[in-house]
Student: 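What follows is a structure written as C-alpha cells; I'll ask about it next.
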Amino acid sequence: MRSSMLALLATTFLVALPEPAEARRGGSEHQELLFVAETKIIEEGVPYSLCLLVNERSAFGINLFRSVETYALAENKCDTTAYYPMSVEDIAEAKEAGMIDAAIPNEPKLSTSDLITGHIGWLFVAGALAFAGYGALNARKRRQERQGMMGEASPAAVAILDAMCHAAKADGHIDASEIAAIAEAAERMTGENFDPQQVAKMADLAESKPSDKDFKRLVKGRTGPEFDVMMRGVLMVVAADGRLADSEQQFVGKLAKAMRMSGEQVQAILHDVVGSAQGQPAE
C-alpha cells in the first residue's frame with residue numbers, strides 16, 4: 001500500500017507552491033500547507049504528513065482571508081513547498097488501508113483555530129475602526145464643549161477662536177501670554193469678557209496634534225478676509241511668548257496650506273503682528 005499510494009499520486013503530479021503574487025497596496029495572495037496529521041505513508045525512508053493546501057490573502061503581512069483547496073501529502077510535517085494533492089477518493093482509500101487516521105474527515109476543512117488565524121487581520125481592522133470611532137467621538141465632544149464656551153459668537157468668530165486655541169496648544173504648553181491674546185481677540189469679536197481660566201480650558205480642549213481634516217474644518221466656509229483675520233489671530237498667539245517653536249511653525253504652515261495662503265502672505269501678516277506688538281508701525 002505504501003508504494004501503491006505514492007505511485008498512484010505520482011501518476012497525477014507532484015507540484016510546488018507558487019511564489020506569492022504581490023497585489024496592490026502591499027497585499028498578496030499565496031498558498032500554504034497546514035499540518036493535519038502524521039500518516040503511515042513512507043517513501044524511501046521519508047515519512048509523509050497529511051496537510052491542507054490553503055489559499056490565503058493578506059495585506060501588510062496580516063492574514064485577511066483563508067480558504068481550503070484540497071488535502072495534500074508532503075514531507076517535513078508540511079514545512080515544504082512540494083506536495084502531492086489528494087482527492088476525496090485518495091483519502092478514503094488511504095483510510096481504508098490504515099495509512100491515515102480513520103477519524104480524519106474525507107472532505108478537507110479548516111479547524112476553528114486555522115480559521116481564526118487566517119482571518120485574524122479583521123480583528124485588527126475591527127479594533128482600529130473602534131479606536132478611530134472612539135477618537136472621533138471624543139474629539140467631537142471636546143470640540144462642542146470648547147465652542148460652547150465661546151458664547152453667541154458668529155460661525156466665523158468661532159472658527160477663528162478655535163484656530164487660536166489650537167495654536168496655543170501647538171507647542172504642548174499653553175502660556176499665559178497666549179491665553180491673554182485669545183481672550184483679547186474673543187472679547188473684540190464677541191463683545192463679551194472671557195475669564196482667563198475659561199480661555200485656558202478652551203485651549204486645553206483643543207487637539208494637541210490636529211489632523212489635515214481638522215485644518216480643513218477650521219477653514220471650511222471662511223472667506224478670504226476671514227482667512228487673514230484667522231491667520232493674524234494665530235500668529236498673535238504663537239508670537240505672544242516671544243519665541244516660535246518648530247511645532248508652532250508647522251501649525252502655521254499647515255493652516256496656511258489649508259487656506260492656500262502663500263508664504264509671502266504669512267510673512268507679511270507676521271511682520272504686521274510683530275510691529276503692532278512692539279508699538280511700531282509696519283513698514
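Note: hydrogens, waters and symmetry copies are ignored here, and every other heavy atom, side chains too, is used.
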Student: Quick one: which residue pairs count as a ring pair (Phe, Tyr, Trp, His ring centres under 6.0 Å) with a foot in residues 216-237, not counting sequence neighbours?
Tutor: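 Output for this query is empty, none listed.
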Student: When you measure from the side chain of T81 to the backbone of A16, do you find a donor-acceptor pair of N or O atoms at a distance under 3.5 Å?
Tutor: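 No, the answer is negative, given that no donor and acceptor are paired below the 3.5 Å cut-off.
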Student: Does a side-chain heavy-atom distance below 4.5 Å link M230 with M261?
Tutor: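 Side chain of M230 against side chain of M261, heavy atoms only: no contact under 4.5 Å found.
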Student: Taking S211's backbone N and O only, do any of them form a donor-acceptor pair with D214's side chain (distance below 3.5 Å, no angle check)?
Tutor: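 At least one qualifying donor-acceptor pair exists.
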Student: Using modelled atom types and a 3.5 Å cut-off, is there a donor and acceptor pairing between side-chain atoms of D272 and backbone atoms of I269?
Tutor: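 No.
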Student: Ignoring hydrogens, what is the shortest heavy-atom contact between A82 and L33? Give both atom names and the distance.
Tutor: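 Closest heavy-atom pair between A82 and L33: O-CD1, 4.3 Å.
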Student: Should the ring pair F215 and F251 be called parallel, tilted or perpendicular, given that the plane angle runs from 0 to 90° and is split at 30 and 60?
Tutor: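 Correct class here is tilted.
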Student: Report yes or no: do V88 and V15 belong to one cluster of Ile/Leu/Val/Met/Phe/Trp/Tyr joined by side chain heavy-atom distances under 4.5 Å?
Tutor: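 Not linked; separate clusters.
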Student: Any idea which heavy atoms bring I91 and P105 closest together, and the distance?
Tutor: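 The answer is CG2-O, 4.2 Å.
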Student: Treating D101 as the side-chain partner and I104 as the backbone partner, does any N or O pair qualify as donor plus acceptor under 3.5 Å?
Tutor: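 Checking the backbone N and O of I104 against the side chain of D101, no donor-acceptor pair under 3.5 Å is found.
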Student: Would you indicate whether the side-chain heavy atoms of L34 and V68 approach each other to under 4.5 Å?
Tutor: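 The answer is no; the side chains never approach within 4.5 Å.
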Student: Can you tell me which residue among H30, E32, Q31 is in a side chain to side chain donor-acceptor pair (under 3.5 Å) with N55?
Tutor: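 Among H30, E32, Q31, the one meeting side chain to side chain donor-acceptor pair (under 3.5 Å) with N55 is Q31.
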Student: Donor-acceptor pair, K169 side chain versus D204 backbone, under 3.5 Å?
Tutor: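 Present.
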Student: Between the side chain of S247 and the main-chain N/O of A170, is any donor-acceptor distance below 3.5 Å?
Tutor: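 Such a contact is found between S247 side chain and A170 backbone.
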